Protein chains: 2
Amino acid sequence: MHTPLCDQLGIEFPIFAFTHCRDVVVAVSKAGGFGVLGAVGFTPEQLEIELNWIDENIGDHPYGVDIVIPNKYEGMDATDLSPEVLKKTLNDLVPQEHIDFAKKILSDHGVPVEHSDDDALQLLGWTEATATPQVEVALQHPKVTMIANALGTPPADMIKHIHDAGRVVAALCGSARQARKHADAGVDIIIAQGGEAGGHCGDVGSIVLWPEVVKEVAPIPVLAAGGIGSGQQIAAALALGTQGAWTGSQWLMVEEAENTPVQQAAYAKATSRDTVRSRSFTGKPARMLRNEWTEAWENPENPKPLGMPLQYMVSGMAVAATHKYPDESVDVAFNPVGQVVGQFTKVEKTSAVIERWVQEYLESTATLNALNEAAEA
Amino acid sequence: MHTPLCDQLGIEFPIFAFTHCRDVVVAVSKAGGFGVLGAVGFTPEQLEIELNWIDENIGDHPYGVDIVIPNKYEGMDATDLSPEVLKKTLNDLVPQEHIDFAKKILSDHGVPVEHSDDDALQLLGWTEATATPQVEVALQHPKVTMIANALGTPPADMIKHIHDAGRVVAALCGSARQARKHADAGVDIIIAQGGEAGGHCGDVGSIVLWPEVVKEVAPIPVLAAGGIGSGQQIAAALALGTQGAWTGSQWLMVEEAENTPVQQAAYAKATSRDTVRSRSFTGKPARMLRNEWTEAWENPENPKPLGMPLQYMVSGMAVAATHKYPDESVDVAFNPVGQVVGQFTKVEKTSAVIERWVQEYLESTATLNALNEAAEA
């Protein structure tokens with residue numbers, strides 16, 4: 001599965017692993033793939049600590065950092081974009097009704113509510129104002145050879161800045177139209193993410209979206225995302241003209257991940273039909289396990305989810321509870337994952353996953369070859 | 001792309017083409033694929049005429065017939081299942097409010113309404129009672145070597161009856177659970193249809209569903225459906241362990257199809273994001289072009305779609321108008337199609353489509369081989 005992009009990035013396999021855990025980034029890159037750290041949950045100071053740790057442990061392997069700058073979000077027209085002012089501005093936009101409703105869902109499920117109205121509303125890196133300092137931190141680390149934007153086309157000056165630092169820019173898309181915008185803006189690698197995907201996604205399925213985006217932006221390399229958790233699925237992605245696989249769900253189910261045992265048990269139990277595209281955590285449609293939190297925000301009698309980043313300033317207390325009280329919060333936890341979750345039954349070592357995928361890929365392409373030989377015989 | 005199923009069915013390519021047009025059935029089978037006639041819109045008498053015509057024109061090639069017996073539908077518990085009584089029973093279940101609303105949508109768009117409350121409510125073959133006579137007709141035609149059920153597991157006695165006549169039974173599914181039911185009932189070929197598909201479909205994407213069903217029912221052969229309109233997509237399907245492709249949308253865009261030029265123009269113009277899974281025509285979620293009819297039935301202020309088969313007894317007047325007044329009904333027409341519609345820009349000859357797909361398949365597998373050779377070099 002060695003594609004031209006592998007040579008460009010100096011990696012063995014075109015397997016890109018999105019994760020929030022630094023240990024997984026290191027394990028994937030050392031196994032021949034390309035680990036990508038999701039930065040959205042880190043302050044610039046925390047991110048610096050994570051990247052230093054990765055640098056120390058990853059050897060000579062490259063890795064990436066994923067940021068989130070949506071093209072549209074609440075408060076983006078504010079004149080003072082300093083994080084503190086922006087946070088205050090946005091806090092004022094969150095209705096008390098939503099905070100009360102979120103607290104009620106948690107307390108109805110016996111989850112301790114520790115949300116303080118003074119300071120606990122979390123903004124995270126979901127704006128240009130908060131993502132820009134993350135990029136500055138990342139560019140100080142030479143092994144970070146790729147910066148990816150998870151939502152929307154990165155701003156022109158940011159693309160130039162990253163290019164000037166000698167790194168490549170990647171960006172996710174859910175439609176050919178968005179891919180065209182990325183290409184026109186100078187994005188180097190386009191990640192076509194089908195509606196099967198965990199986290200933010202559109203509603204066009206991977207089997208349709210991948211070749212559509214490949215055709216739209218050729219010769220810019222395209223990575224396939226959404227529904228990949230095996231070597232056969234990587235073979236399908238390459239058969240459709242992509243140059244590699246951008247994967248996420250699988251890395252929630254590895255030993256190196258920080259996900260709680262309760263969360264991993266929920267993933268192991270889930271079928272491919274147990275996810276839902278919901279706005280209930282981030283304000284934009286994102287795929288996650290369906291549970292009583294997502295159902296509560298779907299109910300038309302309840303408050304509607306707010307826009308990004310306001311909804312997370314409400315749902316953040318549920319996310320925090322997931323980590324602190326995993327047992328109590330099992331029915332209201334934030335479990336972002338794709339439909340491919342139905343394939344996962346156990347927690348594996350990261351290196352074992354990469355080895356399995358390579359082996360499955362080879363078996364899959366061998367099967368195709370045997371069919372061609374049978375046809376010729 | 002020659003799979004064991006090709007030998008079993010005596011065909012050259014494992015390309016199954018679902019269509020409502022007899023001309024397309026003939027053209028596909030003669031080009032080396034396997035044409036399948038959708039019977040749902042035909043009375044037994046009409047179906048007999050269609051199959052006779054196919055027999056006369058298809059040479060020695062085999063073909064299939066697709067029926068619709070949902071596992072659940074309104075009126076299925078009625079004691080007298082004779083078509084006439086059933087139709088009367090069901091007619092009584094259709095609220096006047098729904099009929100009036102449907103008429104209003106049409107007249108608001110300038111479409112002549114010719115619906116007569118006396119006899120125009122159409123039942124079609126969407127029940128066991130109406131599908132059984134279709135099967136009887138089909139089994140009188142020896143070249144019909146496969147009967148497929150588009151929704152649900154066929155009743156046990158019907159499976160036995162088809163097997164006793166020496167034909168194979170196929171059935172569509174949208175989940176591994178449904179596939180398991182098919183397998184346990186003795187279905188010979190399982191068609192795993194991803195949420196990208198046109199017509200009735202679930203919401204699990206093809207790239208996830210196909211391998212899931214293959215694993216669930218092995219060694220029963222699986223056909224891949226949902227999102228296939230190119231040879232690359234067939235390569236992806238075979239890489240994921242299926243034995244062929246079940247396709248539908250593409251055959252709306254061939255010269256041999258009876259679809260109106262207005263409808264074909266709508267398909268040519270549509271992108272992959274212009275479809276919607278809607279209950280507005282058949283009562284069960286089916287993918288089609290989004291338009292003012294589908295939007296009207298989505299609006300929570302309007303009547304909710306009825307169950308199957310009642311909703312079609314309401315929407316049938318819109319379908320009839322599509323054929324009779326294609327220009328007037330363009331914004332309210334029934335245009336079932338999958339997300340793959342975004343790939344189609346022109347009307348082709350059926351034989352040219354098959355040739356193109358075979359060529360694209362070979363290019364796609366050659367690309368995979370080149371990547372493997374590059375990795376070894």
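Order of the sequence lines sets the chain letters (A, B, ...), proteins ahead of strands, with each chain counted from 1. Just so we're clear, the structure is a prediction, and the values are computed from it rather than from any experiment.
Here A:E196 is the residue among A:K215, A:E196, A:E360 with the most heavy-atom pairs under 4.5 Å with chain B. For the set B:G194, B:P4, B:S175, the entry with the most heavy-atom pairs within less than 4.5 Å of chain A is B:S175. Among A:V208, A:I228, A:V340, the residue with the largest count of heavy-atom pairs under 4.5 Å with chain B is A:V208. When B:C6, B:A176, B:S272 are compared by the number of non-hydrogen pairs under 4.5 Å with chain A, B:S272 comes out ahead. Interface summary for chain A: among B:M1, B:H2, B:R177, the most heavy-atom pairs under 4.5 angstrom belong to B:H2.
A distance-only check finds no donor-acceptor pair linking the side chain of B:Q232 to the backbone of A:G241 [under 3.5 Å]. For B:Q233 (side chain) and A:P211 (main-chain N/O), no donor-acceptor pair under 3.5 Å exists by modelled atom type.
Looking at A:T3, the atoms closer than 4.5 Å to chain B (heavy atoms on both sides) sit in the backbone and in the side chain alike. Only the side chain of B:L362 comes within less than 4.5 Å of a heavy atom of chain A; its backbone N, CA, C and O stay farther away. Residue contact with chain A, scored on non-hydrogen atoms closer than 4.5 Å, involves the side chain of B:E212 exclusively. In this structure, chain A has no heavy atom under 4.5 Å from any part of B:F13. Using a 4.5 Å cut-off between heavy atoms, A:N369 touches chain B through its side chain atoms alone.
Within the model, atoms CG of A:L209 and CZ of B:R273 stand 9.5 Å from one another, a figure rounded to the nearest 0.5 Å. Note: B:L368 CG to A:L368 CG = 6.5 Å, rounded to the nearest 0.5 Å. Note that the CG atom of B:D203 and the OG1 atom of A:T275 stand 7.0 Å from one another [nearest 0.5 Å]. Here B:S230 contributes atom OG and A:I207 contributes atom CD1; the two are 8.0 Å apart, rounded to the nearest 0.5 Å. Annotation: the span from A:L238 atom CG to B:L371 atom CG amounts to 6.0 Å, rounded to 0.5 Å.
Among all heavy-atom pairs drawn from B:A239 and A:S364, the shortest one is O-OG, 2.7 Å.
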